[in-house]
Amino acid sequence: MSIERVTVTTEAESLLRKMQGIHGPLLFHQSGGCCDGSAPMCFPRGEFKVGQEDVFLGTIVDTPFYIGGAQYEYWQHTHLTVDVVKGRGSGFSVEAPEGVRFLIRSRVFTDDEYHVLQKAGPAPRGPQHD
């Protein structure tokens, strides 16, 4: 049994594919800092440097998803779903000019899910993609 740490809604997948058509390969980074608080930021892949403490949560629509190491400590028990809502965020994410923004919806992993994740070992840190 494999547990995904991050998934995407149909609406966000459609927007992500549109953004890939405009910007090429992308990556997500989730932090808990400035620029829209804890909204996920989506960048052209070569324009964001993934740090050694960033945690790789998985890939959605051919797009790697990372979370800052400190933020991961708070959210490691949580399944993340990337969604999209109307309204502009205040960050530098590629979707901002579209009048929408990516948003995280979350839920706590069930005990069974968390047990599977624990058995699989720690989530990888540092760059996992080019």
E47 meets the side chain to side chain contact (heavy atoms under 4.5 Å, CB included) criterion, sequence neighbours left out, with P44
Taking T63 for the side chain and V61 for the main chain, is one N or O donor matched with an acceptor at less than 3.5 Å? yes
Measure across I67 and H29 and return the closest heavy-atom pair with its distance rounded to 0.1 Å. C-NE2, 4.2 Å
Does a side-chain heavy-atom distance below 4.5 Å link E113 with I3? yes
Using the salt bridge (Lys or Arg N to Asp or Glu O under 4.0 Å) rule, collect all pairs that involve residues 54-69, keeping only residues at least two apart or in two chains. none
Check whether any side-chain heavy atom of Q76 lies under 4.5 Å from a side-chain heavy atom of E73, and answer yes or no. yes
According to ring-ring contact (aromatic ring centres under 6.0 Å, His included), who are the partners of F28, at least two apart in sequence or on a separate chain? F65, F102
With a 4.5 Å cut-off on side-chain heavy atoms, are V100 and V85 touching? no
Side-chain heavy atoms of V6 within contact of I60, under 4.5 Å: yes
For H77, all residues meeting side chain to side chain contact (heavy atoms under 4.5 Å, CB included), sequence neighbours excluded: Y114
Is F43 linked to L103 within one hydrophobic cluster, defined over Ile, Leu, Val, Met, Phe, Trp and Tyr using a side-chain heavy-atom separation of less than 4.5 Å? no
Write down the atom of P64, the atom of L26, and the distance for their closest heavy-atom approach. CD-O, 3.4 Å
Identify, with sequence neighbours excluded, every residue that meets salt bridge (charged side-chain N to carboxylate O under 4.0 Å, His left out) alongside R105. D83
Not counting sequence neighbours, which residues clear side chain to side chain contact (heavy atoms under 4.5 Å, CB included) with V108? List them please. none
With E11, which residues qualify under salt bridge (charged side-chain N to carboxylate O under 4.0 Å, His left out), at least two apart? none
Please name all residues satisfying ring-ring contact (aromatic ring centres under 6.0 Å, His included) with F56, sequence neighbours left out, ordered by chain then number. Y66, H129
Residues forming a ring-ring contact (aromatic ring centres under 6.0 Å, His included) with F109, sequence neighbours excluded: none
Validation row: P127, K49 side chains within 4.5 angstrom (heavy atoms): no
Name all residues meeting the side chain to side chain contact (heavy atoms under 4.5 Å, CB included) criterion together with I22; count only those two or more places apart in sequence or in a different chain, and write none if there are none. K18, M19, E98
Quick one: does L16's side chain get under 4.5 Å of C42's, heavy atoms only? yes
With a 4.5 Å cut-off on side-chain heavy atoms, are V84 and E95 touching? no
I'd like to know if E53 and R125 make a salt bridge, using a cut-off of under 4.0 Å between side-chain N and carboxylate O. yes
Contacts of T7 that satisfy side chain to side chain donor-acceptor pair (under 3.5 Å) - sequence neighbours left out: H79, T81
Between L57 and the options Q30, E4, R5, Q128, the side chain to side chain contact (heavy atoms under 4.5 Å, CB included) test singles out R5
Tell me, please, which residues at least two apart from E13 pass salt bridge (charged side-chain N to carboxylate O under 4.0 Å, His left out). R17
